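Below is one structure, written out as structure tokens; comments come after it.
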Amino acid sequence: MSEILSIEQLKNMATTIIEIPDFEGTGTIKVRVQKPRLMAMAAQGKIPNHLLGIVNTMMFPSKKEKKEPNIEEIAKIYELYCRACLVEPSYDEIKDIMTDEQMSAIFDWAMGDVKKLETFRSNEGDGSSNNTGK
């Protein structure tokens with residue numbers, strides 16, 4: 001039987017260090033991140049209501065929902081994901097100096113697992129495997 005892990009061990013397991021572009025765009029810097037907990041943020045009212053549908057569409061895209069977010073909504077989504085993911089430094093500590101490329105890198109990292117599933121969702125008709133795609 002395994003031992004009970006300390007809270008510090010659990011916190012270390014829940015985070016990872018990734019490299020994002022530096023401020024000049026010539027190298028990288030390291031930040032500590034965690035996978036976004038958007039359901040917890042929604043339950044706590046930390047996701048504005050007008051973004052809930054957009055977040056849902058981005059996480060679980062379907063052909064029925066084709067509304068494309070505008071640039072303002074995209075910027076708010078990037079901010080939301082950076083706030084949800086950044087552990088060290090926190091988003092509040094770095095938000096005033098963060099570049100668009102850094103925000104994009106964190107968003108891409110956070111969406112990585114979801115984006116991998118898009119290829120399965122794009123084929124909703126009958127394929128050669130007699131799969132309905134649903």
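Just so we're clear, the structure is a prediction, and the values are computed from it rather than from any experiment.
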Would you list the atom pairs, donor with acceptor, under 3.5 Å between side chains in residues 82-91 and any protein atom, with sequence neighbours excluded?
| unit_1 | atom_1 | unit_2 | atom_2 | d |
| --- | --- | --- | --- | --- |
| Arg83 | NH1 | Asp92 | OD1 | 2.8 |
| Ser90 | OG | Glu93 | N | 3.3 |
| Ser90 | OG | Glu93 | OE1 | 3.4 |

For [X], enumerate each residue passing the side-chain hydrogen bond (donor to acceptor under 3.5 Å, both in side chains) test, keeping only those at least two apart in sequence or located in another chain.
X: Thr16; answer: none
X: Thr15; answer: Arg32
X: Glu19; answer: Thr28

Inset, instruction - Find out if a path of hydrophobic residues (ILVMFWY) with successive side-chain heavy-atom gaps under 4.5 Å connects Ile97 to Ile18. - result: yes

Inset, instruction - Grab the two heavy atoms, one from Tyr81 and one from Ala110, that are nearest each other, plus how far apart they are. - result: CD2-CB, 3.6 Å

Legend entry - Heavy-atom closest contact (Gln34 atom, Ala14 atom, distance): CB-O, 3.6 Å

Legend entry - Partner set under salt bridge (charged side-chain N to carboxylate O under 4.0 Å, His left out) for Glu72, not counting sequence neighbours: Lys76

Inset, instruction - Give a yes or no on this: more than 12 heavy atoms of other residues, nucleotides or ligands lie within 6.0 Å of atom CD1 of Ile17. - result: yes

Inset, instruction - Any chance you could lay out the side chain to side chain contact (heavy atoms under 4.5 Å, CB included) test for Trp109 and Lys35, step after step, and finish with the verdict? - result: CA-CA 9 Å; Trp109 173 83; Lys35 287 294 183 183; 3.8 Å; yes

Inset, instruction - Can you measure from CE (Met103) to NZ (Lys95) and round to the nearest 0.5 angstrom? - result: 10.5 Å

Legend entry - Partner set under side-chain contact (heavy atoms from CB on, under 4.5 Å) for Ile29, not counting sequence neighbours: Ile20, Asp22, Phe23, Gln102

